[in-house]
Amino acid sequence: MSKVDKKWRKKAEEELRGESIDSLNWDTLEGIQVKPLYTSQDLLELEHLDNLPGFLPFLRGPKATMYSKRPWTIRQYSGFSTAEESNKFYRDNLAAGQTGLSVAFDLATHRGYDSDHPRVPGDVGKAGVAIDSIEDMKILFDQIPLDQMSVSMTMNGAVIPIMAMFIVAAEEQGVDKNDLKGTLQNDILKEFMVRNTYIYPPDHSMRIVADIIAYCSNHLPQFNSVSISGYHMLEAGATCTQELAYTIADGLEYVRAAKNQGLDVDSFAPRLSFFFGIGMNFFMEIAKLRAARFLWSELIEQEFKPKDPRSQMLRTHCQTSGVSLTSQDPYNNIIRTTIEAMAAVLGGTQSLHTNSFDEALALPTPFSAEIARSTQLVLREESGLTKVVDPLAGSYYIESLTGSIINEARKLIAEVEELGGMTKAVQAGVPKLRIEESAAIRQARIEKKEEIVVGVNDYFSSKEQDVDIRSIDNEDVRNQQITKLESIKKSRDETVCQKTLENIESVAKNGGNLLEAAIEAAKARATVGEISEAMENVFGRHQAVSQSISGVYRKEYEGEDEFMDVEKQIEQFLKTNGRRPRILVAKLGQDGHDRGAKVIATAFADLGFDVDIGPLFQTPEEAAKQAIENDVHILGVSTQAAAHKTLVPMLIDSLKEENADNILVVCGGIIPDNDIPELESMGVGAVFGPGTNISKAALKVLDLIQ
C-alpha cells in the first residue's frame with residue numbers, strides 16, 4: 001500500500017466513524033469490484049497504457065485526430081409502416097441535420113416472409129418498414145442519393161434478398177456499386193444467442209455471411225459487409241464483459257468463415273465494423289469501447305497475422321440502450337439517453353443512434369425522434385467533447401476499469417474457443433444461457449432495490465404523464481403491401497423470375513455465390529419471400545429449442561417478504577386444487593425479443609409455478625392449442641413489437657372457439673396505456689408493463705385465478 005493510499009484510508013476511516021472502508025466497494029454485475037478511490041498505483045501493472053490514437057492497437061481510437069477532425073456520424077435507426085412513409089421520414093430527418101441512414105425493417109421482412117404470408121398478420125409495418133420487393137426498396141430511397149449517403153441496414157435473417165434489392169435499387173437509380181457506402185449488419189450468430197430473427201440453421205447461415213463478405217470484397221469496396229453486433233446482447237441482459245467477449249468471438253468466427261472462402265484477411269477485414277449497445281453504467285461503457293479496440297487488434301494479430309494495420313482496427317457504431325428506458329416517468333428517458341450518448345462519444349464511437357424517450361411505450365413519434373437527434377447535435381456543437389482526442393485517457397479509474405474489462409473478456413473468449421469457436425458455442429447454447437442468467441440476476445437486483453431505477457423502484461412521480469405515441473394501422477399497411485405484391489407479380493416476366501429462383505436453389509445446393517444469384521432474382525422482380533423460400537428449400541428453417549435457467553431468481557430473492565407471500569399462496573392453491581398453478585409463456589408472431597419472456601419464465605418457476613415456454617414465432621392459434629393441451633391456468637403473452645392489438649384478439653378468439661376461455665390471458669411488455677382498456681374489454685385479465693415487479697405480478701395473477 002502506497003503512502004497516498006494509507007493517507008486517504010486514515011482520513012476516510014475518520015469520516016466513516018468506524019464503518020469498514022470495504023463497505024464502500026461496489027461489485028458490478030460483470031463481477032468487477034470497483035473501489036471508492038483509484039490512484040497511480042492502480043496503473044502500475046496495466047499492459048495497455050502509453051498508446052496513441054490512430055496507432056496499433058487503436059485503444060485510444062482508430063483515427064489520430066478523431067472528432068477534432070471529423071465528428072461521429074449522427075444516425076437514427078428508423079423505419080415503419082410502408083416504404084413511402086419511411087422515405088418521407090428519412091428525408092425530413094436528413095434535412096434537419098441527420099448525417100446517415102439506419103434502416104429498421106419489420107419482423108416479417110427480417111424472417112423472410114412476404115406481407116401476405118399467413119404467419120405475419122400482426123407484424124407487417126409494425127417494428128420497421130415492410131419491404132417485399134425491389135419496388136419497395138426503390139421507393140424507400142427515392143430522392144436519397146445512394147452514391148453520397150451512408151446507409152446502415154439492420155438485417156440478418158433475410159440478408160441475401162435485402163442486400164440484393166439494395167444493390168439493384170442503387171443500380172436503377174444510376175449508382176455504381178463501387179460508390180455505395182454504408183453497413184450491412186449480417187451478424188447471424190448473435191441472432192441465435194439473443195434476437196432470434198434467424199431463418200436458416202447456423203452452418204448454412206454462416207455460409208451466407210461468407211458469401212456476402214466475398215461479394216462485397218470484390219464489388220463494393222466502400223461498403224462494410226458485416227457489422228458485428230453486441231447491442232442486442234446488452235439488450236437481452238448481457239453484462240458489458242459478456243457483450244464485449246461474445247461480440248469479439250463472433251467477429252473472429254466471421255473472419256475464419258471468410259478465410260475458408262479463400263479470401264486474404266487484408267482484402268476484407270478493414271471493412272468489418274462493430275455495433276455496441278451503451279447502457280447506464282457510464283464509466284464501464286467508456287472503458288468497454290476502449291477495451292474492445294485493444295482486444296480486437298490483439299486477437300486478429302495473433303491468429304491471422306495481417307499485413308495491413310487497418311485489419312486490426314475496430315470501428316464501431318453505437319446505440320443507446322432501449323432496455324434502460326422506462327414506461328414510468330418517460331421524460332426521464334431523455335436524461336438517460338443523454339448520459340449514454342456521452343459515454344459512447346467519450347468511448348470513441350464512429351457513429352451513434354440515440355433512442356427516443358417514448359420507445360418504452362411505442363414506436364417513436366417525429367417529436368421524440370427530433371429530441372433524440374438534437375441530443376447528439378447539442379453534444380457535438382455545445383459540449384466541447386469534439387475538441388480533444390480520448391479526453392479521459394490517463395484517468396486512474398478509466399484505465400484500471402479498461403484493464404479489468406480486458407481481463408474478464410479474455411476469460412469468456414477463451415471459454416468460447418475451448419468449445420470450438422462461436423458457431424459451436426452457439427449450438428451448445430452456452431452464451432445464451434450465460435446472458436439469460438445475467439438478465440435474471442439484474443431483474444432481482446432491481447426488485448430488491450440493490451439497483452435503483454428512478455421512477456420504477458424508487459423516487460416515484462406524483463403525477464401521471466401524458467405522452468403522445470405513434471400508432472401504426474397494421475391492417476391498412478398489410479393491405480397496401482398485398483396490393484403491391486399482386487401488382488408486381490402480374491407485371492413481371494414469370495418465366496424469367498422462376499428461372500432465377502431455380503438458380504438460387506441450385507447455388508444453395510451445389511455452390512456459388514448466393515448474393516450474386518439473388519441480385520439477378522431481384523432484377524427479375526422476385527420477392528423477399530420467394531428468394532428466402534428458394535434457399536429454405538435447400539437449407540431448411542431453423543427451429544430453436546426453448547430452454548430456461550432455474551434457481552437464479554430464487555437465490556437472489558429468497559427470504560424477501562413478497563417472495564415468501566407468493567410461495568404461501570401457491571402452496572394454498574396446491575392444497576385447494578391438487579396441483580400448482582400452471583402458466584404458458586408465449587411469444588406470438590415474429591417477435592424474437594424474448595428477454596422478458598425468459599425472465600418471467602425463470603422467475604415464475606422459482607416462485608413455484610409450473611411453467612411451460614412456447615416456441616418462438618407461434619401463431620395465436622398454435623399458442624391457444626398448446627395452452628389447452630397443457631391444461632394451463634394462465635397464458636402469458638410477452639410482446640415487444642407492437643403487434644398486440646392484432647395478435648391478442650386472435651388468441652382470445654381461438655380460445656373461445658375451443659371453449660377454453662376459462663384460461664386467464666395476461667400480457668406483458670411494451671403496451672401503451674391507451675391500449676390497455678381495449679385489451680381488457682376483449683378479455684385480457686391483466687397487463688404488465690416494463691419494470692413491473694415480478695413478485696407483485698405473480699400475486700396479481702394468483703388472485704385472478706383463485
Side-chain angles (χ1 to χ4, degrees), residues 107-108 111 113 115-124 126-127 196 474-475 478 541 543-548 573 577 579-594 596-602 604-605 609-671 675-688 697-698 700-706:
L107 290 168
R111 294 268 293 146
Y113 293 119
S115 296
D116 58 357
H117 197 282
R119 298 196 73 86
V120 299
D123 298 299
V124 178
K126 272 294 191 181
N196 300 312
N474 164 245
E475 186 176 354
R478 189 166 188 252
R541 186 171 278 265
Q543 297 291 331
V545 177
S546 291
Q547 297 177 309
S548 65
F573 187 95
N577 297 277
R579 63 184 182 122
R580 294 180 178 276
R582 192 176 196 93
I583 182 172
L584 169 64
V585 180
K587 294 287 296 182
L588 303 182
Q590 302 306 305
D591 174 17
H593 293 84
D594 62 349
K598 288 296 183 67
V599 167
I600 288 294
T602 296
F604 270 54
F609 285 78
D610 286 334
V611 178
D612 300 317
I613 305 175
L616 288 170
F617 316 122
Q618 282 187 306
T619 65
E621 295 80 9
E622 289 166 346
K625 182 180 178 183
Q626 184 182 2
I628 294 166
E629 290 176 348
N630 291 15
D631 193 20
V632 303
H633 302 97
I634 314 120
L635 203 169
V637 178
S638 173
T639 177
Q640 304 293 329
H644 52 275
K645 290 179 71 174
T646 301
L647 298 177
V648 173
M650 293 171 67
L651 172 68
I652 290 172
D653 287 345
S654 296
L655 290 171
K656 287 179 179 177
E657 287 173 9
E658 299 296 329
N659 296 315
D661 49 351
N662 60 308
I663 295 174
L664 173 69
V665 176
V666 297
C667 296
I670 298 177
I671 298 176
D675 292 351
I676 294 175
E678 184 178 349
L679 291 175
E680 290 177 339
S681 70
M682 296 173 184
V684 173
V687 176
F688 304 106
K700 175 75 177 288
V701 167
L702 285 168
D703 185 56
L704 289 169
I705 62 171
Q706 295 289 356

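In this structure, G685 and L664 approach most closely via the heavy-atom pair CA-CD1, 3.7 Å. Nearest heavy atoms, P620 versus L647: CG-O, 3.6 Å. A pairwise comparison of heavy atoms in V120 and R478 identifies O-NE, 4.2 Å as the closest pair. Heavy atoms only, all atoms of each residue included: V684 and V666 are closest at CG1-CA, 4.3 Å. Heavy-atom minimum distance, A698 versus F609: CB-CE1, 4.0 Å. Taking all atoms of both residues into account, the shortest heavy-atom contact from I652 to G683 is CD1-C, 4.1 Å.
For the atom pair CD of E629 and CD of Q626, the computed distance is 7.5 Å after rounding to the nearest 0.5 Å. The CD1 atom of I670 lies 8.0 Å from the OG1 atom of T639; values are rounded to the nearest 0.5 Å. Atom CD1 of I663 and atom CG of L584 lie 8.5 Å apart (nearest 0.5 Å). Interatomic distance, D653 CG to E658 CD, rounded to the nearest 0.5 Å: 12.0 Å. Expressed to the nearest 0.5 Å, how far CD of Q618 lies from CG of D591 amounts to 12.5 Å. Interatomic distance, S638 OG to I613 CD1, rounded to the nearest 0.5 Å: 11.0 Å.
With a 4.5 Å cut-off on side-chain heavy atoms, R541 and R111 count as touching. Looking only at side-chain heavy atoms (C-beta outward), I634 and F604 stay at 4.5 Å or farther from each other. When side chains are defined from C-beta on, H644 does not count as touching V637, because their heavy atoms never get closer than 4.5 Å.
For the pair D631 and R579, the salt-bridge criterion is met [side-chain N within less than 4.0 Å of a carboxylate O].
Remark: side-chain polar atoms of K587 are paired, donor with acceptor, to backbone N or O of H593 under 3.5 angstrom.
The side-chain tip of R119 does not point at the ring of Y113 from less than 6.0 angstrom away and within 45° of straight on.
The aromatic rings of H633 and F573 lie perpendicular to each other, with more than 60° between the two planes, well past the 30° mark.
Under a cut-off of 6.0 angstrom, the local environment of CD in E475 is sparse, with at most 12 non-hydrogen atoms contributed by other residues, nucleotides or ligands.
Under the rule for a side-chain hydrogen bond (donor to acceptor under 3.5 Å, both in side chains), the partners of D612 that lie at least two apart in sequence or sit in another chain are R582, N630.
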